[in-house]
Amino acid sequence: MKLDELGNWRRTHLSNEATPKLAGAEVVVMGRVGDVRDLGGIKFFILSDISGSIQVTAPKAKTDKKILGKIDSLTQESTVAVKGKVVAAEQAPRGVEVLPSEIRILNLAITPLPLDPRGRVKANLDTRLDARALDLRRSESLAIFKIRHQALQSVRDHLISEGLIEVNTPKIVATATESGAALFPISYFEREAFLSQSPQLYKEVLTGCFERVFEVGPIYRAEEHDTPRHLNEAISIDIEVAYATAEDVTKILEDLIVKVFSQVKRTCAKELKVLERKLEVPRKPFPRITYDEALKNLEQAGVKVPWGEDLPTPAERKLGELVGGAYFVIDWPMATKPFYTMPKRDDPKLADAFDLMYGEIELASGGTRVHQETLLVKQLKQKGLNPQSFESHLQNFRTGLPPHAGWGLGLDRLTMVLTGAENIRECVLFPRDRKRLTP
RNA sequence: GCCCUGGUGGUGUAGACCGGUCUAACAUGCAGGCCUGUCGAGCCUGCGCCUCGGGUUCAAAUCCCGGCCAGGGCGCCA
């Protein structure tokens, strides 16, 4: 069948702007076709757009045959433009409908669709991700990304209000920034380069220029992890602040989390309801648990973690159960933290660093950083790294880099926590994991 | 990478343990029909499936082995 052109038609109204008050007006609405119901003498279809939906009603006796024919040819999820008169009708959903005077079929969707976008039959996550563009039309998916959008906006508002400026650092880099995580090598002309696993080194350097910076950007980790909360490409919210310590940036983080939660709760009530998510805004100050206390509590609960090791997943789970909500784990052993971490003044075995947890999920980690070259070189060596390969970074420390502190917060994980999603892939439009490289 | 579980129409499931009665069921979907107020419309008719390869057996969706894929757990990691 031949499709119609958009031509000079433009939307005059979003579907939810059509209300009984608008009765008598001629409108042009555009959107996707939902249910088509043919009752013989009268035909209906639901037109949905980003704002909601409106019923288009065509009584056989009063409607042009050409229009009736077009309605018959519609398939679910096809895209149409409808010009017609708004009519108040008690029998219609929302008490209002449009009687079409002309319909343009802009694109026809195939049938059957790879999944049911109205969710009457639930599809597996894998099926959904394979047909992600269609899956993202589902109300639950839309809700997740609306919440993600709001969270990100709140993050930006808050950090800017704290006097931070937004920066962008290279994602193609020459060396690793963390000792642990594996890198994706890429071919950079005649040399090997890597995808950046963290903006860490750049944001530290920028505290010497802009004093307070933040970045929202992708980070790449070539880890083989295959879990519901890891991705190989993630979006990280990173801050770094001059003349500050871990405790200072902890406060920024705490305020930020409270702001994000309360703004999402206020502005995304509809979306939270779609997701059946009851969001509780954490109260300040968040509990602060030392690493030693965490280990003690875990041992009492039957989970043993040797001192000096990072918390494995089962331990994080148990701790999440024991504490719940948002809390900080502080005073980590230096061995668990990267080379740029400042040791505590009164106990150099411990790092002046923290993790922000929400339940069992690690949302953020940060701390005071080393700003003296000699100590940094010493710690690089202790981690088995070669200071020579960090020469271009180290030279920044010779020109008066101020003391500084910062953190990195995972946007995808933050979205998980806000939406209650059990798999991080739900919270990313087109996730990249161990096995998935498309779509 | 390891362990566990699974793979049945477009989608989601049942059947499998205990091989035959499976000509594979249900829901949704799709196609057609009836119906002038549907709104997860209803009713009627129809369409469409056993992941791939090998093995056991008179007989395999069902049992065994392997591949591929997926989900969960772990490790690694944020």
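In what follows, chains are A, B, ... by sequence order, proteins preceding strands, each numbered from 1. Everything quoted here is computed from the prediction, not taken from an experiment.
Rounded to whole Å, the separation between the P atoms of B:U51 and B:C17 comes to 16 Å. Of the C1' atoms belonging to B:C22 and B:A14, the separation is 13 Å, rounded to the nearest Å. With both ends at atom P, the span from B:G9 to B:G48 equals 14 Å, rounded to whole Å. Using atom C1' as the reference point in both B:G37 and B:A16, the two lie 47 Å apart (nearest Å). Of the P atoms belonging to B:U13 and B:G1, the separation is 26 Å, rounded to the nearest Å. Here, B:G15 and B:G6 have their C1' atoms 15 Å apart, quoted to the whole Å. One C1' atom belongs to B:G19, the other to B:A60, and the distance between them is 6 Å to the nearest Å. Using C1' as the reference atom, B:G72 and B:G53 are 27 Å apart when rounded to the nearest Å.
Among the nucleotides B:A78, B:A70, B:G40, the one closest to the side chain of A:Ser365 is B:A78. Taking only side-chain atoms of A:Phe44, from C-beta outward, the nucleotide of B:G37, B:C74, B:A78 with the closest atom is B:G37. The side chain of A:Arg120 has B:G29 as its nearest neighbour among B:U11, B:G29, B:G1. In this structure, the nucleotide among B:G10, B:G40, B:C77 sitting nearest to the side chain of A:Glu223 is B:C77. The side chain of A:Thr127 has B:G12 as its nearest neighbour among B:U28, B:G12, B:G40. Side-chain proximity of A:Ala123 to the nucleotides B:U36, B:U11, B:U38 is greatest for B:U11.
A close approach under 4.0 Å does occur between a side-chain nitrogen or oxygen of A:Thr313 and OP1 or OP2 of B:G75. Residue A:Asn232 has no polar side-chain atom (N or O) positioned under 4.0 Å from OP1 or OP2 of B:C77.
Residue A:Asp130 is classed as having no contact, given no heavy-atom separation below 4.0 Å to the nucleic acid. At a threshold of 4.0 angstrom between heavy atoms, the contacts of A:Gln55 include nucleobase atoms, whether or not backbone atoms are also involved. Within 4.0 Å of A:Pro93, counting heavy atoms only, lies at least one base atom of the nucleic acid. Among the atoms of the strands shown, only primed sugar atoms or phosphate atoms (P, OP1, OP2) are found under 4.0 Å from some heavy atom of A:Arg317. Using a 4.0 Å heavy-atom distance criterion, A:Leu231 is classed as a base contact. A:Lys435 comes within 4.0 angstrom of the backbone, heavy atoms only, and of no base. Using a 4.0 Å heavy-atom criterion, one finds that A:Ala61 contacts the bases of the nucleic acid, with or without backbone contacts as well. A:Ser236 comes within 4.0 angstrom of no nucleic acid atom, judged by non-hydrogen atoms across all strands. Using a 4.0 Å heavy-atom cutoff across all strands shown, A:Asp226 reaches at least one base atom of the nucleic acid. A:Asp38 comes within contact range of at least one nucleobase, with a heavy-atom separation under 4.0 Å. The residue A:Lys122 sits close only to the backbone: its heavy atoms come under 4.0 Å of sugar-phosphate atoms, none of a base.
Remark: A:Pro312 pairs with A:Val305, A:Pro314, A:Ala315 by the side-chain contact (heavy atoms from CB on, under 4.5 Å) rule, at least two apart or across chains. The salt bridge (charged side-chain N to carboxylate O under 4.0 Å, His left out) search around A:Arg432 returns none, not counting sequence neighbours. Residues that satisfy the ring pair (Phe, Tyr, Trp, His ring centres under 6.0 Å) test with A:His149, not counting sequence neighbours, are absent from this structure. Residues meeting the salt bridge (charged side-chain N to carboxylate O under 4.0 Å, His left out) test with A:Lys83, sequence neighbours left out: none. The ring pair (Phe, Tyr, Trp, His ring centres under 6.0 Å) check on A:Tyr202 picks up nothing, with sequence neighbours excluded.
The aromatic rings of A:Phe390 and A:Phe339 sit perpendicular to each other, their planes meeting at more than 60°, with 30° as the lower class boundary.
Rounding to whole angstrom units, CD of residue A:Gln76 and P of B:U28 are separated by 13 Å. Here the P atom of nucleotide B:U38 and the CD1 atom of A:Ile54 are 17 Å apart, to the nearest Å. Atom CG of A:Leu39 and atom C1' of B:G33 are 14 Å apart (whole Å). Per the geometry, CD1 belonging to A:Ile424 stands 14 Å off P belonging to B:G71, to the nearest Å. When the P atom of B:A27 is taken as reference, atom CG of A:Leu115 falls 21 Å away, rounded to whole Å. In this structure, A:Leu356 places its CG atom 16 Å from P of B:A78, rounding to the nearest Å. The separation between A:Leu47 atom CG and B:U38 atom C1' is 17 Å, rounded to whole Å. Per the geometry, CZ belonging to A:Arg434 stands 11 Å off P belonging to B:A70, to the nearest Å.
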Taking Watson-Crick (N1-N3 plus N6-O4 or O6-N4) and G-U wobble (N1-O2, O6-N3), each under 3.5 Å, can you produce the dot-bracket string of RNA chain B? Use [ ] for crossing pairs and | for inter-strand ones. (((((((..((((......[....))))((((((.......))))))...(((((..]....))))))))))))....
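Residues A:Ser236 and A:Asp238 have side chains that bring a donor and an acceptor to within less than 3.5 angstrom of each other. Under the 3.5 Å distance criterion, with hydrogens and angles disregarded, no donor-acceptor pair is assigned to the side chains of A:Asp331 and A:Thr290.
In terms of polar N and O atoms assigned as donor or acceptor, the side chain of A:His230 comes within less than 3.5 Å of the base of B:C77 in a complementary pairing. With hydrogens and angles left out, the side chain of A:Glu97 and the base of B:G37 share a donor-acceptor pair within 3.5 Å.
A centroid separation of less than 6.0 Å is found between the aromatic rings of A:Tyr358 and A:Phe261.
Both A:Leu311 and A:Gln91 lie near RNA chain B, and the one whose nearest nucleotide falls closer to the 5' end is A:Gln91. With the nearest nucleotide of RNA chain B identified for both A:Gly40 and A:Asn124, A:Asn124 has the one nearer the 5' end.
More than 12 non-hydrogen atoms from other residues, nucleotides or ligands lie less than 6.0 angstrom from CD1 of A:Ile165. When the shell of 6.0 Å around CD of A:Glu422 is examined, it contains 12 or fewer heavy atoms from other residues, nucleotides or ligands.
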